[in-house]
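Here the structure is laid out as structure tokens; the discussion comes afterwards.
Order of the sequence lines fixes the chain letters, A, B, ..., with proteins taken first and strands second; residue numbering starts at 1 for each chain.
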There are 4 protein chains.
Amino acid sequence: MWLHTSCDLAFDIEVPTPFILMLRPRSGAQQWVAREEYKLVPSVPAFEFTDDYGNLCQRLIAPPGAFAVHTAAEVMTADQVDTAPGAAFIEIQNLPDAVLVYLLPSRYCESDRFGQMATEITADQQPGYNQVSAIVDWLQRSIRYQPGSSDIPVSAVEVNTRQGGVCRDLTHLGMALCRSLSIPARMVVGYLHALEPMDLHAWFEAYVGGRWYTFDATQDELQGGYVTIGYGRDAADVAIYNQFGPAVYPTAQKVSVERIWEDD
Amino acid sequence: MWLHTSCDLAFDIEVPTPFILMLRPRSGAQQWVAREEYKLVPSVPAFEFTDDYGNLCQRLIAPPGAFAVHTAAEVMTADQVDTAPGAAFIEIQNLPDAVLVYLLPSRYCESDRFGQMATEITADQQPGYNQVSAIVDWLQRSIRYQPGSSDIPVSAVEVNTRQGGVCRDLTHLGMALCRSLSIPARMVVGYLHALEPMDLHAWFEAYVGGRWYTFDATQDELQGGYVTIGYGRDAADVAIYNQFGPAVYPTAQKVSVERIWEDD
Amino acid sequence: MWLHTSCDLAFDIEVPTPFILMLRPRSGAQQWVAREEYKLVPSVPAFEFTDDYGNLCQRLIAPPGAFAVHTAAEVMTADQVDTAPGAAFIEIQNLPDAVLVYLLPSRYCESDRFGQMATEITADQQPGYNQVSAIVDWLQRSIRYQPGSSDIPVSAVEVNTRQGGVCRDLTHLGMALCRSLSIPARMVVGYLHALEPMDLHAWFEAYVGGRWYTFDATQDELQGGYVTIGYGRDAADVAIYNQFGPAVYPTAQKVSVERIWEDD
Amino acid sequence: MWLHTSCDLAFDIEVPTPFILMLRPRSGAQQWVAREEYKLVPSVPAFEFTDDYGNLCQRLIAPPGAFAVHTAAEVMTADQVDTAPGAAFIEIQNLPDAVLVYLLPSRYCESDRFGQMATEITADQQPGYNQVSAIVDWLQRSIRYQPGSSDIPVSAVEVNTRQGGVCRDLTHLGMALCRSLSIPARMVVGYLHALEPMDLHAWFEAYVGGRWYTFDATQDELQGGYVTIGYGRDAADVAIYNQFGPAVYPTAQKVSVERIWEDD
């Protein structure tokens, strides 16, 4: 399906503030970006680079006063998300080099502390895709999903204690459980068509059966309409913006995803 | 200045034909892409990847029949090109790792065969920027620039023999001469505002004084208005399309660059 | 100075256990590896790859029974560590792309929580090298250094609460403080000549004045004799081994660093 | 099998001469480096980096006078080279990103000029491995192999005209033919046990059936005992040394490969 996505951010800046933004979706195996727009108001110099995960990031210094970022895109994405019950666990020897980093613990995924728990949750499951499915089922049963967003990210250990969280939190706990079973898991931040309430979204992918598969514990059923903005180990890698110096919060943030019908 | 660039390609395909396209300008140190459009007709699946030089490339299989590629962008680029007479030659020990590959000979730049000639052309010049300037001056005096394009690229050795060529050919010879003096040189393909006749353009950058500087032997004076599509060692790396299997030629190719006036 | 380094690890494996090892020092800007040895007993198949930080890593599956890893090297390293009081803070716009990742929070460095504290510790300091020096001074005054090693790494927040820790812990806290001031900081794991008691060591580098400088809060004075094994964001990236599945602990670990006198 | 390899180079330097060396074999999927030695006499500062192909390279400035490089290694390598008659041709859509660069023409492989010829040589062959085998058979029948080395590399077009060449030349022509059929091919430089006369050796790998396979037109039958030093697109990428400034030739070059018998 073709989607029109947009994200508008507005800030009120007091002192010149360095930002790293990650708001430009890339064309890739899963999606094709046919039109795109990226506007800074005022139009300060910005420098784009590719980070270690392949994401396009923009760095700039926001000047004092009102500062706004407007991004929009028209993206072709899959109508259906691929699933593969039974897809095999991949031994570490056979994982591609680039996937290995997604096995390790990270800022919000203390996977080194979930071995026992993951083993229990996935007992009797065939190693691989089915283990990840069992983890997602367990998240849906055990961790209360609170739509919307929260300012302060918490780590998987805290999410597990609180028994609830936003999409980012469920994702962190899901990934920590996967990695503790030696299943590579990476975080995805992006858009999801028909998300309620509309906002940026986070989910994860697990590497089983020789490729990455999408998992999302916040949705009863996996539907199409995912648009990826960035990949990373966890929320520390895929913040849509990182800001340095005295904390600045958005005065407005507006996200929209609309279906469009092209005939070409 | 803000420029609106576009490139339209049309092909008449007989058998399913793999393509690697390089037509998406990136935001970078020199330019900011504020709007962009990339359309394939018919809309076949395409997969984007980043090559070793940091370029965004798209691969796809064009189906039999008419096949068209339409790309357009709104890009902010410098009004003036930076120059730096006297900028120093950088010893190999002090070159950044990523620059070293641009010292080596490549498909169309047999830099291993130009040592003597480069030494003569740059005699009495201070090592660094001034050597490159002397090479560009020599190209302008000695190699006839034939605007327009040619189907079959020739290498620096052949360009030197023919004493003439299109922008790509002058670029190859210029780079071969630079590299033979241990000055890294890389090819740029892109758009140039007010190029006559309008077409895609090729020029080169040389690494002196700790950064890349733009050189263009086809222009009497360096003006602003350059938009980069891709970087590489030579034309083999930065073809706007590579096509595999039986040769296919464009039935139409249209390039435009227009100045736009934004107020934001 | 020339150093002979060695690290021997022994394990008692119960079930086939995947390992990722990081024990091969690389030649680089700071050191030259003239001789090297890397032995696995029994000699299982191992596959080497380069991680995102440029470290050479080896992955393998250790078979049940005794499993030993022996590595040794002869390395030329600097007699003196470079210092640069007054070296300038680098604005985010001017940092090399590859350095940016070392600004972000990571598993053991919650730099997003130390802004206030870092500002107080470095009050009145000139931005850059001197801020990092002030942080190291503060660590030496305020955090009790406990030589030796500990099994469970703790994060910067916990180190700050405990007011004490091993070399890894002081490093994490130092890096979290630097990053909260927008100074890139990376962890180094390796050998240090004349360390008491001898063991693997951890320290950090901060990026100021256009390059990386070494800092080590565990040493009263910076001496030469550092040999780098790996770089990373924190201990999660530079574990000398990561092991998957049921936890396995070394039955023996022996580290030695000896000065050698070559005449060539 | 375990092999002891060594390469000694000696030069007589007149003016300070920048070098990029590529003489350090890496542990990888195919081989394990258990011991290694790398000595420069005199012991000048050298800086190691990883090039775009993953090779470890060393750069340095050789001082006037005698300059020698001694490298040696103990390497475990396969007793048998894998072969896979019938392994399938991989469509461009399904090639890994990192493989795509090996489809393009390069300095010594003008693959854009061999389409017709490759089609004839491989007529009636199943696409993939069998096409590469047919190319190797054709090389063995049609191009005279001249053991030893030659100073000036020639390109595939010239090799085809001369109907003869050293190992490097046969490799270039073989790769140009593969690439013209959209089969990725990369050059390997390294050691081969029992090569007659002993010297450094060059061969190539083709990507079919989802992985790289070894091909060597200079050997009647593929035997084990290959040790890789470097990979690249052609000889321009994998020169064991590149030297800048006035040409310098080795005054001595000695290569040895001996079988060793370890019991550990």
Side-chain angles (χ1 to χ4, degrees), chain B residues 16-20 44-54 57 59-61 90-101 103-113 115-116 119 152-153 155 157 179-184 232-239 242-247, chain D residues 16-20 44-54 57 59-61 90-113 115-116 119 152-153 155 179-184 232-239 242-247:
Chain B
T17 300
F19 272 83
I20 296 181
V44 296
F47 303 84
E48 194 167 278
F49 66 98
T50 306
D51 72 12
D52 285 344
Y53 308 97
C57 303
R59 52 179 152 155
L60 55 86
I61 297 181
I90 308 291
E91 290 287 349
I92 194 168
Q93 296 297 58
N94 301 322
L95 290 171
D97 292 355
V99 165
L100 293 166
V101 70
L103 276 178
L104 304 179
S106 57
R107 169 74 178 89
Y108 297 113
C109 296
E110 310 95 332
S111 50
D112 43 325
R113 304 206 182 161
Q116 171 94 26
T119 304
I152 298 172
S155 73
V157 166
R179 291 183 197 163
S180 74
L181 296 171
S182 307
I183 296 177
R233 301 203 291 184
D234 63 26
D237 294 330
V238 291
N242 272 289
Q243 162 254 317
F244 303 89
Chain D
T17 300
F19 272 83
I20 297 181
V44 297
F47 303 83
E48 194 167 278
F49 66 98
T50 307
D51 71 11
D52 286 343
Y53 308 96
C57 303
R59 52 179 152 155
L60 56 86
I61 297 182
I90 308 290
E91 290 286 349
I92 194 169
Q93 297 296 57
N94 301 322
L95 290 172
D97 292 355
V99 164
L100 293 167
V101 71
Y102 298 107
L103 276 178
L104 303 180
S106 57
R107 168 75 177 88
Y108 297 113
C109 297
E110 310 95 330
S111 49
D112 43 324
R113 304 206 181 158
Q116 171 96 25
T119 305
I152 300 172
S155 73
R179 292 183 196 164
S180 73
L181 298 171
S182 308
I183 296 176
R233 299 204 292 185
D234 62 27
D237 295 328
V238 291
N242 272 289
Q243 164 254 317
F244 303 90

With chain B, the option among D:Leu60, D:Thr50, D:Val101, D:Leu181 that has the most non-hydrogen atom pairs under 4.5 Å is D:Leu60
Can you check side chain to side chain contact (heavy atoms under 4.5 Å, CB included) on D:Phe49 and D:Ile20, steps first, answer last?
CA-CA 10 Å; D:Phe49 66 98; D:Ile20 297 181; 4.1 Å; yes
Pick whichever of D:Ser182, D:Ala247, D:Pro246 has the most heavy-atom pairs under 4.5 Å with chain B.
D:Ser182
Could you have a look at D:Asn242, D:Leu100, D:Leu103 and say which one has the most heavy-atom pairs with chain B under 4.5 angstrom?
D:Leu100
Checking heavy atoms, do the side chain of B:Ile61, its backbone, both or neither come under 4.5 Å from chain D?
both
Excluding sequence neighbours, so at least two apart, what forms salt bridge (Lys or Arg N to Asp or Glu O under 4.0 Å) with D:Asp112?
B:Arg107
When the 4.5 angstrom heavy-atom criterion is applied to D:Pro96 and chain B, the contacting part is backbone
Out of B:Ala46, B:Ser106, B:Ala236, B:Pro105, which one racks up the most heavy-atom pairs below 4.5 Å with chain D?
B:Ser106
Electrostatic pair B:Asp237:D:Arg233 at N-O distance under 4.0 angstrom:
yes
Counting heavy-atom pairs under 4.5 Å with chain D, the top scorer among B:Glu110, B:Gln93, B:Gln116 is B:Gln93
Is it the case that D:Ser180 and D:Arg113 place a side-chain donor and acceptor less than 3.5 Å from each other?
no
Residue pairs, two or more places apart or on separate chains, that pass salt bridge (charged side-chain N to carboxylate O under 4.0 Å, His left out) and touch residues 91-104 of chain D
B:Arg59-D:Asp97
Evaluate the side-chain proximity of B:Arg179 to B:Pro184: yes if any heavy-atom separation is below 4.5 Å, no if none is.
no
